[in-house]
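Please read these numbers as outputs of a predicted model, since none were measured by experiment. Numbered from 1 within each chain, the chains take letters A, B, ... in sequence-line order.
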Protein chains: 2
Amino acid sequence: MMKSAQVVKALAALAQPTRLAIYRLLVASGPEGVAAGQVAERLKVAPATLSFHFKTLSHAGLVDSRQDGRFVYYSANFAVMNGMVAYLTENCCGGNPDACKQTNINEN
Amino acid sequence: MMKSAQVVKALAALAQPTRLAIYRLLVASGPEGVAAGQVAERLKVAPATLSFHFKTLSHAGLVDSRQDGRFVYYSANFAVMNGMVAYLTENCCGGNPDACKQTNINEN
DNA sequence: TCTATTGTTAAACAATTATTAAATTGTCAG
DNA sequence: CTGACAATTTAATAATTGTTTAACAATAGA
């Protein structure tokens, strides 16, 4: 089980519109990753701002990076995301993952 | 599918140690809810601070409240939590919820 | 009604976060 | 080596967030 502090860090990293968009873009782009500049262009974010957000995501363990020539390729790391979802699922329903879904059915 | 902005709001609400602890306590305490004072005592949080955090959680739709006499009982609302987990699961693995688990197996 | 209890609100403040512009590092091509 | 390119770092600033104290509402009970 992931530690609470690490979960908070991961949640905080994703709790920002630009960073959530970055993460989604990386997830959709596969394991080879996307160059920082491409992300900047696609999401219309200034390079310095993007670096700042990458650092936050990276520090939370949500993304990996690899340098290739002048480019830095970022990719999603699913381990932390998975741990986070597992933590939420378990702590959302008191060990019964289906409880939420049942609640959801009742309320939709 | 939950909107991205609502997901960000829910993530932000939980991305704080005290609020995550509050939510977990409410989840563990069942649908009847817990009085604010009990939460304050259990988590050792000042009343005003707790009210502030309850407001954030409430505004994100993660908790419900009901007044009973002098007491205000808070309870977890699973609908938003469930929507959030569903959003993350879908956007984490590009529509394939198992991808994360497989990645996890590889990295553990 | 008076008083104690429960909880929220308001104001002030410290700490953190997000953004920008400018300077810096590292890499490649000529 | 030089110049251009890709990205990060730094410094400054604005905005947001978390906490505390004090004041405020609402309810219950004597």
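Rounded to whole Å, atom C1' of D/dC5 lies 8 Å from atom CZ of A/F71. Atom CD1 of A/I22 is separated from atom C1' of C/dA18 by 12 Å (rounded to the nearest Å). One interatomic measurement links the two molecules: CG of A/L57 to P of D/dA7, which rounds to 16 Å at whole-angstrom precision. With rounding to whole Å, A/Q67 atom CD is found 15 Å from C/dT25 atom P. In this entry the distance linking CG of A/L11 with P of C/dT17 reads 14 Å, nearest Å. In this structure, the CD atom of A/E41 is 10 Å from the P atom of D/dA6, given to the nearest Å. One atom, NE2 of A/H59, and another, P of C/dT17, lie 11 Å apart when rounded to the nearest Å. Rounded to an integer number of Å, the gap from A/K44 NZ to C/dT19 P is 16 Å.
A donor-acceptor contact shorter than 3.5 Å links the side chain of A/N91 to the backbone of A/Y87. Between the side chain of A/R19 and the main chain of A/A13, a donor-acceptor pair closer than 3.5 Å is present. The backbone N or O of B/E32 sits less than 3.5 Å from a side-chain atom of B/R66, completing a donor-acceptor pair. Remark: the backbone N or O of A/G69 is paired with a side-chain donor or acceptor of A/Q67 at under 3.5 angstrom.
Close to C/dG7, at under 4.0 Å from its OP1 or OP2, lies no side-chain N or O of B/Y73.
By the rule that hydrophobic residues join a cluster once side-chain heavy atoms approach within less than 4.5 Å of another member, A/F52 and A/V39 end up as members of separate clusters. Linking Ile, Leu, Val, Met, Phe, Trp and Tyr residues whenever their side-chain heavy atoms come within less than 4.5 Å places B/V8 and A/V45 in a single cluster. Hydrophobic clustering of Ile, Leu, Val, Met, Phe, Trp and Tyr side chains at less than 4.5 Å, counting indirect connections, keeps A/V27 apart from A/Y73.
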Report, one pair per line, the protein and nucleotides 28-30 of chain D atoms (nitrogen or oxygen only) whose separation is under 3.5 Å.
residue, atom, partner, partner atom, Å
D/dA28, O4', B/R70, NE, 3.2

Would you tabulate the nitrogen or oxygen pairs shorter than 3.5 Å linking the protein to nucleotides 18-20 of chain D?
residue, atom, partner, partner atom, Å
D/dG18, OP1, B/R19, NH2, 3.1
D/dG18, OP2, B/R19, NH1, 3.1
D/dT19, OP2, B/H53, NE2, 2.5
D/dT20, OP2, B/T49, OG1, 3.4

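In the helix from C/dT1-D/dA30 to C/dG30-D/dC1, the terminal helix axes, each the rotation mapping four pairs' C1' atoms onto the next four within five end pairs, subtend 20°, rounded to 10°.
Note: B/L25 CG to B/L20 CG = 11.5 Å, rounded to the nearest 0.5 Å. Between the NZ atom of B/K9 and the CG atom of B/L62 there is a distance of 10.5 Å, given to the nearest 0.5 Å.
Heavy-atom contacts from other residues, nucleotides or ligands closer than 6.0 Å to CD of A/E41 number 12 or fewer.
The closest side-chain heavy-atom distance from A/F54 to A/I22 is below 4.5 Å.
Using a 4.0 Å heavy-atom cutoff across all strands shown, A/A40 reaches no nucleic acid atom at all.
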